[in-house]
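Inspection log for the structure reproduced underneath, given as structure tokens.
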Amino acid sequence: QVQLVESGGGLVQTGGSLRLSCAASGRTFSAYVMGWFRQAPGKEREFVATITQSGASTNYADSVKGRFSISRDNAKNTMYLQMNSLKPEDTAVYYCAAARLFAVRPSGYDYWGQGTQVTVSS
């Protein structure tokens, strides 16, 4: 079992930045692929970014490539999402998730946090 808690969401203006954190507890954090997903009102949950167990490989959705950066600190059992040049269409609840194998679909993830709201005003 892995428990995940997101933090760092909030209200920001267009062009601003936020850094989300995902703190993990329970089983060995470094054994899991970690991912960020988001869900806007009335829309399905969508993939944002993922990072492998060691942090050596990352993958991003086209919509955030070049603006967002995923990272992890296995010594601190924490994953991050640095979000720059934010746009109103980035407004959503952001979730972190853990998976045993590499995946970009929500169904591939075994554990989820409760989510943190990110709102980008125009």
Side-chain angles (χ1 to χ4, degrees):
Q1 190 79 4
V2 176
Q3 292 79 41
L4 302 172
V5 179
E6 302 95 336
S7 61
L11 174 65
V12 65
Q13 291 185 334
T14 296
S17 297
L18 282 175
R19 188 195 197 200
L20 304 183
S21 297
C22 173
S25 61
R27 292 185 177 268
T28 306
F29 175 71
S30 60
Y32 291 88
V33 171
M34 298 296 297
W36 287 101
F37 291 80
R38 66 186 182 186
Q39 189 166 18
K43 294 187 177 182
E44 293 186 352
R45 192 167 297 189
E46 65 174 2
F47 167 75
V48 174
T50 188
I51 187 167
T52 54
Q53 291 88 334
S54 67
S57 181
T58 59
N59 194 27
Y60 297 91
D62 288 342
S63 59
V64 306
K65 204 170 291 184
R67 300 188 298 122
F68 291 11
S69 178
I70 189 172
S71 61
R72 66 190 296 166
D73 185 338
N74 287 342
K76 295 183 178 180
N77 288 353
T78 304
M79 175 181 64
Y80 305 96
L81 185 68
Q82 178 66 44
M83 304 186 295
N84 299 326
S85 302
L86 282 161
K87 305 174 182 180
E89 50 263 44
D90 294 317
T91 296
V93 177
Y94 283 71
Y95 298 90
C96 69
R100 294 180 178 87
L101 299 174
F102 179 82
V104 296
R105 295 183 178 183
S107 59
Y109 285 76
D110 304 292
Y111 303 104
W112 292 85
Q114 83 290 347
T116 185
Q117 177 70 47
V118 171
T119 303
V120 184
S121 63
S122 56

**Request:** Could you check Tyr94 against Gln39 for side chain to side chain contact (heavy atoms under 4.5 Å, CB included), going step by step and ending with a plain yes or no?
**Result:** CA-CA 7 Å; Tyr94 283 71; Gln39 189 166 18; over 6 Å; no
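- A ring-centre distance under 6.0 Å is not found for Phe47 and Tyr60.
- No single ILVMFWY cluster, assembled from side-chain heavy atoms under 4.5 Å apart, contains both Val64 and Val33.
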**Message:** Quick one, Leu20 with Met83, criterion side chain to side chain contact (heavy atoms under 4.5 Å, CB included). Give me CA distance, side-chain angles, the key distance, then yes/no.
**Reply:** CA-CA 8 Å; Leu20 304 183; Met83 304 186 295; 3.8 Å; yes
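- Salt bridge present: Asp62 and Lys65 bring a charged side-chain N and a carboxylate O closer than 4.0 Å.
- Atom CG of residue Asp90 and atom OG1 of residue Thr119 lie 11.0 Å apart, to the nearest 0.5 angstrom.
- In this structure, the side chains of Val104 and Asn59 come closer than 4.5 Å at one or more pairs of heavy atoms.
- Formation of a donor-acceptor pair under 3.5 Å by the Thr28 side chain with backbone atoms of Ser30 is not found in this model.
- At least one side-chain heavy atom of Met34 sits under 4.5 Å from a side-chain heavy atom of Cys22.
- You'll find the side chain of Met79 reaches within 4.5 Å of the side chain of Ile51, heavy atoms only.
- Under a 3.5 Å cut-off, the side chain of Asn74 and the backbone N or O of Gln53 do form a donor-acceptor pair.
- In terms of modelled atom types and a separation under 3.5 Å, the side chain of Arg67 and the main chain of Ser85 share a donor-acceptor contact.
- A donor-acceptor pair is defined here as one N or O able to donate and one able to accept, closer than 3.5 Å; no such pair exists between the side chain of Ser17 and the backbone of Asn84.
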**Message:** Is there a side chain to side chain contact (heavy atoms under 4.5 Å, CB included) between Tyr109 and Thr50? Walk through the geometry before answering.
**Reply:** CA-CA 11 Å; Tyr109 285 76; Thr50 188; 2.9 Å; yes
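- Using the six-membered ring where Trp is involved, Trp112 and Phe37 have ring planes that are tilted, between 30° and 60° apart.
- Taking all atoms of both residues into account, the shortest heavy-atom contact from Tyr95 to Gly113 is CD2-O, 3.6 Å.
- With contacts defined as side-chain heavy-atom distances shorter than 4.5 Å, the pair Arg38/Thr91 does not qualify.
- Cation-pi geometry between Arg72 and Tyr80 is not satisfied (NZ or CZ under 6.0 Å from the ring centre, within 45° of the ring normal).
- At distances below 3.5 Å, at least one donor-acceptor pair connects side-chain atoms of Glu6 with backbone N or O atoms of Cys96.
- Within the 3.5 Å criterion, the main-chain N or O of Ser57 finds a donor-acceptor partner in the side chain of Thr52.
- No continuous path of hydrophobic side-chain contacts links Leu18 to Val93 [ILVMFWY only; heavy atoms under 4.5 Å].
- Looking at every heavy atom in both residues, Ala49 comes nearest to Leu81 through CB-CD1, 4.4 Å.
- No donor-acceptor pair under 3.5 Å is formed between the side chain of Gln117 and the backbone N or O of Gly10.
- Residue Ser25 holds its OG atom at 9.5 Å from CD of Gln1, rounded to the nearest 0.5 Å.
- In terms of heavy-atom proximity, Ala99 sits nearest to Gly108 at CB-O, 3.4 Å.
- A donor-acceptor distance shorter than 3.5 angstrom exists from the side chain of Thr78 to the backbone of Lys76, with no hydrogens or angles considered.
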